[in-house]
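This report concerns only the one structure given below.
Numbers here are sequence positions counted from 1. Fair warning: this is a prediction, and the values are worked out from it, not measured in the lab.
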Amino acid sequence: MAPLKLIVGNKAYSSWSLRAWLGVAVTGADFEEVVVALDHADTHERILSQSPSGKVPALHIDGVVVWESLAILEVLAERFPAAGLLPEEWEARAVARAVAAEMHAGFAPLRRDMPMDLKRMRHGEGKTPDALADVRRVTEIWCDCRRRFGADGPFLLGGFTLADAMYAPVVTRFHTYGVTLDPVSQAYCTAIEELAAMKTWRHAAVAEPWTLERP
Ligand SMILES: N[C@@H](CCC(=O)N[C@@H](CS)C(=O)NCC(=O)O)C(=O)O
């Protein structure tokens, strides 16, 4: 297989990019990374030359371009089955897909009011009633997954799967905005933050030259 190429946005702010990047990172495959700075005059043109939707992330794999973070994760799960991005057991696999799809399709208030920001702590901001309702649903999902499937590891379905990639930016948001969590959710957040790939991404995000006041 030719090396993969992943197009991402600013690591400090592009939560959709983080999801796909984690998926690629856990496959262990060689990949080229192209970072396109968001909110610049040429951003749209640069992304469009690599991604037909005009959005990041986009994955170039064996001559095919795949866009949409969840589709990228599904393709990676299919092409790299040993990476375990989808659990083997059918019930866990079904739930992984359901909670990943719920993240992809929903939680608009959480995404609007607590945008990912790896450059600043924003305690005291973002905790609108609608965002806090999303926090309750997210932590309900996490606690349910951990109770039902968490015996074999610290992640939602035990081992790291595409569901964890989808929720990883939410973990960073809870940290940035100082959201108080139940012990199970807090332990899950720690497991995500301790991932080597997550530390690599965060480190690169902090070193980026671009800083946005309001991501
Ligand atoms: N549904 C898409 C969302 C992608 C998205 O909105 N990406 C943002 C960055 S996080 C983007 O490309 N923005 C560039 C722009 O709108 O110019 C996915 O899951 O990949």
Side-chain angles (χ1 to χ4, degrees), residues 13-26 57 68-78 83-118 122-123 125-195 197-198 201-202 215:
Y13 308 116
S14 181
S15 58
W16 297 110
S17 299
L18 168 58
R19 294 173 168 108
W21 190 92
L22 284 175
V24 174
V26 301
E68 287 292 327
S69 54
L70 188 52
I72 292 169
L73 289 165
E74 283 277 357
V75 167
L76 291 168
E78 193 175 283
L85 280 167
L86 279 171
E88 286 192 2
E89 193 270 320
W90 85 266
E91 184 184 345
R93 203 174 175 93
V95 171
R97 285 195 157 116
V99 300
E102 187 172 345
M103 179 70 246
H104 192 241
F107 302 119
L110 177 66
R111 293 193 276 111
R112 180 192 61 226
D113 299 335
M114 296 185 189
M116 188 171 91
D117 187 345
L118 299 184
R122 293 179 177 269
H123 288 197
E125 296 178 38
K127 294 190 192 95
T128 61
D130 287 348
L132 290 175
D134 280 353
V135 170
R136 283 193 291 279
R137 174 61 190 149
V138 165
T139 55
E140 181 180 59
I141 290 170
W142 290 356
C143 290
D144 182 56
C145 284
R146 292 292 304 140
R147 181 180 56 78
R148 290 166 64 191
F149 307 104
D152 297 332
F155 300 107
L156 294 179
L157 288 306
F160 186 91
T161 69
L162 55 70
D164 301 295
M166 290 304 289
Y167 283 91
V170 177
V171 167
T172 75
R173 288 172 160 119
F174 288 175
H175 180 69
T176 299
Y177 293 87
V179 175
T180 305
L181 296 172
D182 63 86
V184 171
S185 299
Q186 188 55 60
Y188 173 64
C189 288
T190 303
I192 291 288
E193 291 284 5
E194 286 299 314
L195 270 175
M198 197 66 201
W201 177 278
R202 195 179 261 286

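- Side chain of R93 to backbone of P87: a donor-acceptor contact under 3.5 angstrom is found.
- A donor-acceptor contact shorter than 3.5 Å is absent between the side chain of R19 and the backbone of S69.
- G23 and L76 make their closest contact through C-CD1, 3.6 Å (heavy atoms, listed as atom of the first residue, atom of the second, distance).
- Between I72 atom CD1 and L162 atom CG the span is 12.0 Å, to the nearest 0.5 Å.
- Atom CG of L156 and atom CZ of F149 lie 10.5 Å apart (nearest 0.5 Å).
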Next on the checklist: Would T128 and D113 count as a side chain to side chain donor-acceptor pair (under 3.5 Å) here? Give the steps.
Outcome noted: CA-CA 7 Å; T128 61; D113 299 335; 2.5 Å; yes
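- A donor-acceptor pair under 3.5 Å links the side-chain atoms of R146 to the main chain of F155, judged by distance alone.
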Checklist entry - Checking side chain to side chain donor-acceptor pair (under 3.5 Å) for the pair Y188/D164: CA distance, chi angles, key distance, verdict? => result CA-CA 10 Å; Y188 173 64; D164 301 295; 2.7 Å; yes
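- A salt bridge does not link R137 with D134: every distance from a Lys NZ or Arg NE/NH1/NH2 to an Asp or Glu carboxylate oxygen is 4.0 Å or more.
- Within the 6.0 Å centre-distance limit, the rings of F174 and W142 are counted as a close aromatic pair.
- With E89 contributing its side chain and A92 its backbone, the two residues share a donor-acceptor pair below 3.5 Å.
- Here the CG atom belonging to L110 is positioned 11.0 Å from the CG atom belonging to D130, to the nearest 0.5 angstrom.
- Taken to the nearest 0.5 Å, the CD atom of E68 stands 13.0 Å off from the CD atom of E74.
- Remark: the backbone N or O of R173 is not paired with any side-chain donor or acceptor of R122 at under 3.5 angstrom.
- Pairing each heavy atom of A25 with each of A197, the nearest pair is CB-CB, 4.0 Å.
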Item to check | Verdict with reasoning, M116 to L118, per side-chain contact (heavy atoms from CB on, under 4.5 Å) | outcome: CA-CA 7 Å; M116 188 171 91; L118 299 184; 4.2 Å; yes
Next on the checklist: M114 vs V170, test: side-chain contact (heavy atoms from CB on, under 4.5 Å). Steps then yes/no.
Outcome noted: CA-CA 9 Å; M114 296 185 189; V170 177; over 6 Å; no
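- Nearest heavy atom pair, residue A20 against residue L73, reads CA-CD2, 4.5 Å.
- Residues E140 and D144 fail the side-chain proximity criterion, which asks for heavy atoms closer than 4.5 Å.
- Side-chain atoms of T139 come within 3.5 Å of backbone N or O of V135 as a donor-acceptor pair.
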Next on the checklist: What verdict does the side-chain contact (heavy atoms from CB on, under 4.5 Å) test give for T172 and R202, after you've listed the backbone C-alpha separation in whole Å, the side-chain angles of each residue and the deciding distance to 0.1 Å?
Outcome noted: CA-CA 9 Å; T172 75; R202 195 179 261 286; 3.9 Å; yes
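- Although no hydrogens or angles enter the test, the distance criterion places a donor-acceptor pair under 3.5 Å between the side chain of Y167 and the main chain of V99.
- Across all non-hydrogen atoms, the minimal contact from C189 to L181 is SG-CD1, 3.6 Å.
- Formation of a donor-acceptor pair under 3.5 Å by the T161 side chain with backbone atoms of L157 is not found in this model.
- Rounded to the nearest 0.5 Å, atoms NE2 (H123) and NE2 (H175) are 6.5 Å apart.
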Next on the checklist: Before you tell me yes or no, could you show the steps for V95 and R148 under side-chain contact (heavy atoms from CB on, under 4.5 Å), namely the whole-Å CA-CA distance, both residues' side-chain angles and the distance that decides it to 0.1 Å?
Outcome noted: CA-CA 10 Å; V95 171; R148 290 166 64 191; 3.8 Å; yes
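- What you find for A191 and P154 is that their closest heavy atoms are CB-CB, 3.7 Å.
- The distance from the CD atom of E125 to the OH atom of Y177 is 6.0 Å, given to the nearest 0.5 Å.
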